Amino acid sequence: MKRTQSRALPYLLLAPSLVFLTAIFLLPLVQTIALSFSESGVASLGNYRRMVSDLNFGLALRNTFLLVLVVVPIQLALALGMSVMIEKIGRGRDLVLWVWTIPLGVSDLAAGLVWLAILQDRGYLNSALYGLGLIEGPTAWLTYETPGTLFLGVVLAEIWRATAIVLVILVAGLQLIPKEYREAAEVFGARPWTIFRRITLPLLKPSIQTALILRTVLAFEVFAVVYAIGGTNFPVLVGEAYTWQNANQNTGVAAAYAMLIVVISLAATAIYLRVLRVPAEQQP
Amino acid sequence: MAEITIDGIAKSFGATRALEQIDLTVADGEFVALLGPSGCGKTTLLRIIAGLESATSGRIVIGGRDLTEVPTRRRGLAMVFQNYAVFPHMNVYENVAFGLRMQGADEARIKARVGKATELLHITPYLDRYPAKLSGGQRQRVAVARALAVEPPVLLMDEPLSNLDALLRLEMRAELKAVLREARTTTIYVTHDQTEAMGLADRIAVMHGGRIEQIDRPTAVYERPATTFVGGFVGSPPMNFLPVTIANSRLELPGASLPAPQASGALLMGIRAEDLTPVADGEGLPFDIAVVEPLGAHDLVTGRSGQTLLRVAAPAGSGHKPGTRIGLKPDPKRLVWMDPASGRAIQAQ
Amino acid sequence: MSGLKRTVFWTGVAALCAWVLVPIWLIGLGAFGGRTGVFRWPKSLWPGDASLAALQTFLAVEGVWPAMVNSIIAALTCMALSIGLGAPAGYALARFSFRGQNTYRLLILLTRAFPLAILALPLTVAFIRIGLYDTAFGVGLVHTALALPFAALVSASLFQAIPRELEEAAWVFGCSRWQAFRKVVLPLALPGIAAAAIFAFVISWNEVFAASVLSVKNRTLTAYLLTVLAESPLHFRFAGGFLLILPSLAFIFAVRKYLFAMWGIANR
């Protein structure tokens, strides 16, 4: 009696979360697939055809990829630099860490609005540029006529908002690396840069992998930041899904967009898992 | 190979003083053990020598070169860490080659040196393996090989055997001694295990509360401890210390009269467990037996003489019974006398 | 570090702090500056005409208060559910070895590779059918899917960090499994679990897409702001953005000690 009870216990403890994830994650996933492949109840590729032939599709795809390709590497480099700096700060470390991780709690919508306040026509950037005598009056940077600066604005907002999560994962990862490894390298004559490249970086690989997967998947979901800064001037994939769902009331095409994002996310994850793999024998 | 001079090294962490004015000279090719309980400052001293920590004051001179301000990587040392710090993402060959690569040695030289070091430590069959696939003892060998491969003037070891199980530790201890004798490297070895220090070192520096209490050959430290702390810390069981009163420069006991280093007054008499011989009650020191532990090689007998706890190593199977009273005869040649106030040894006149 | 190096280092640290803090300060100015502030040219970095009036005007706008209440309901739902469902799962992962354990772990990790919020799209139909559509509770349910995997992994490692012997000692002294959990394990794990709960709250409070898709009238603050964004004046947007950030600052401050422990362990 006692024995069977304790054997069933782990399953009883897991069951609620499993049921929940089935209902809110697995079922919707299956439904999304089904929805995307059917038009008024009939199996078809129509939704995908409409998605691809839509005027904004190519633009949204290009913009999203461009954003991910620019933002994610910068965030990784920046977060690596910051986490190494954190290691060197003695007193005041906690305060600096708190400040640097504040954006972790900031919504993407709010981040977009923050940078709108800075970059708008009569915003702080233009005031500063005016003060320096670089512009003559309020200047628009965020319209569809200025795609370059609009893109730059979105990049800034994304880097501002989402570097913190990479930083947290890397700092946590660094804390797991015993300091003796670096000390040993130092005793045997390695310079700081050599230690970083040959010891710290390889040992940090699992954390880098986690951070990149998380960050890239989220970066492909970019939407509210873009919408807050540029409205519909800068189409991205999730924004298109939102428009098809809400404005056009066409869940089928929205589901096709969702599937596209799922496939891209899974592919990115698979690539990271492969490229940044740490063979079992090389794990500490 | 080089001589190490530690000149007035002190270290404070905020208000707490970890090291007070340490002076120590280690001769070229000598093996010195820093022995002491945890928190005595021995690891801090080692890390200061390595440059991993900076001293509050004092100088470190190795081979005539003042290294106090020289960063760790330019000190040309080698070190074996307590948890080995064998890099998990490099195989054995790359680990052992690491120091040589940092020196910019060419591939042929690296190969020769790694071959020599790994052969010395019997790890040649594992060159391609990663540390995760090695046992604790093997990892230990890799750490030592990595240190010896650079043929360093000075080798620092921080409790290198403490993570091994008892049997392996004994084996590695003997092997380490043979390997280091062959390498003839000046070595500073930190340990809290007095048998390790006794077995390996040419000289032992016993540390306590941030000071060196005594530095001498192992047998001298064992037989003639400079302080009660050293007598209590080195040797198992610890040295017995019995408060006695001296009159006419002698300690008079029933059936024995022992010469004392001062004319009169109170002293501590220090004597090892094996230097007390059980005799019949009424002779020597009266001793009330409390516990008898047969340890195989001898019986460890614990009891009291007056108020003082004493431990005696009696011959195995001597048949002492708890609750009985016997006498103890100290070996007059093996006595040490301590000042009860300062706990320091008094030199016989 | 030499003097020059030290100066460069601390300048870098200060610059990065400014990079985070100055934009928040600026949107704060925008929020308190009101209509006149927005049109001032050129702008000053110091609050000249800032007043609480601007924020009061924002809060008085129809729909803002209910949206905030909805956000809080959704976030509390998400917090309660993700801990209520995730912590038991974490305990099972930490304390038992059973068939299917790795499969479950994999499922949890797999959720990371999916854009979860976007998968809320088909839920609209199901939610309409069972009456959850356009409710804050329904939004909270979807947000739980985002926070639950995290809560399960974090609590698993929290429980793992508590020596099994402590629990076994409690059993030896006559505690039932539940009593031992409640009296020994839970008090030790509680701070970490509280941090995970706060994190779940923040995840929900900040989420935009699912919240916007799953509601029409009963919108959360993020969904509300998103829908009125295009037709609302700038100072209104800044006030909204600032109000969104405010609780997050406090929450990150509250969990700062656990942030790295949580992520360090949620990594493996």
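Order of the sequence lines sets the chain letters (A, B, ...), proteins ahead of strands, with each chain counted from 1. Since this is a predicted model, take the numbers as computed values, not measurements.
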Which N or O donor-acceptor pairs, by atom type, sit under 3.5 Å across chain B and chain A?
unit_1, atom_1, unit_2, atom_2, d
Arg47(B), NH1, Glu183(A), OE1, 2.8
Arg47(B), NH1, Glu183(A), OE2, 3.3
Arg47(B), NH2, Glu183(A), OE2, 2.6
His89(B), NE2, Arg198(A), O, 2.7
Tyr130(B), OH, Gln282(A), NE2, 3.1

Heavy-atom contact with chain A under 4.5 Å, split by part of Ala147(B): both
Any chance NZ of Lys177(B) has more than 12 other-residue heavy atoms, nucleotides or ligands included, within less than 6.0 Å? yes
With sequence neighbours excluded, residues passing salt bridge (charged side-chain N to carboxylate O under 4.0 Å, His left out) with Asp193(B): Arg169(B)
Which answer fits Val80(B), side chain, backbone, both or neither, if we ask what part of it has an atom under 4.5 Å from a heavy atom of chain A? neither
With a 4.5 angstrom heavy-atom cut-off, which part of Phe87(B) approaches chain A: side chain, backbone, both or neither? both
Contact origin within Ile199(A) toward chain B - heavy atom pairs under 4.5 Å: both
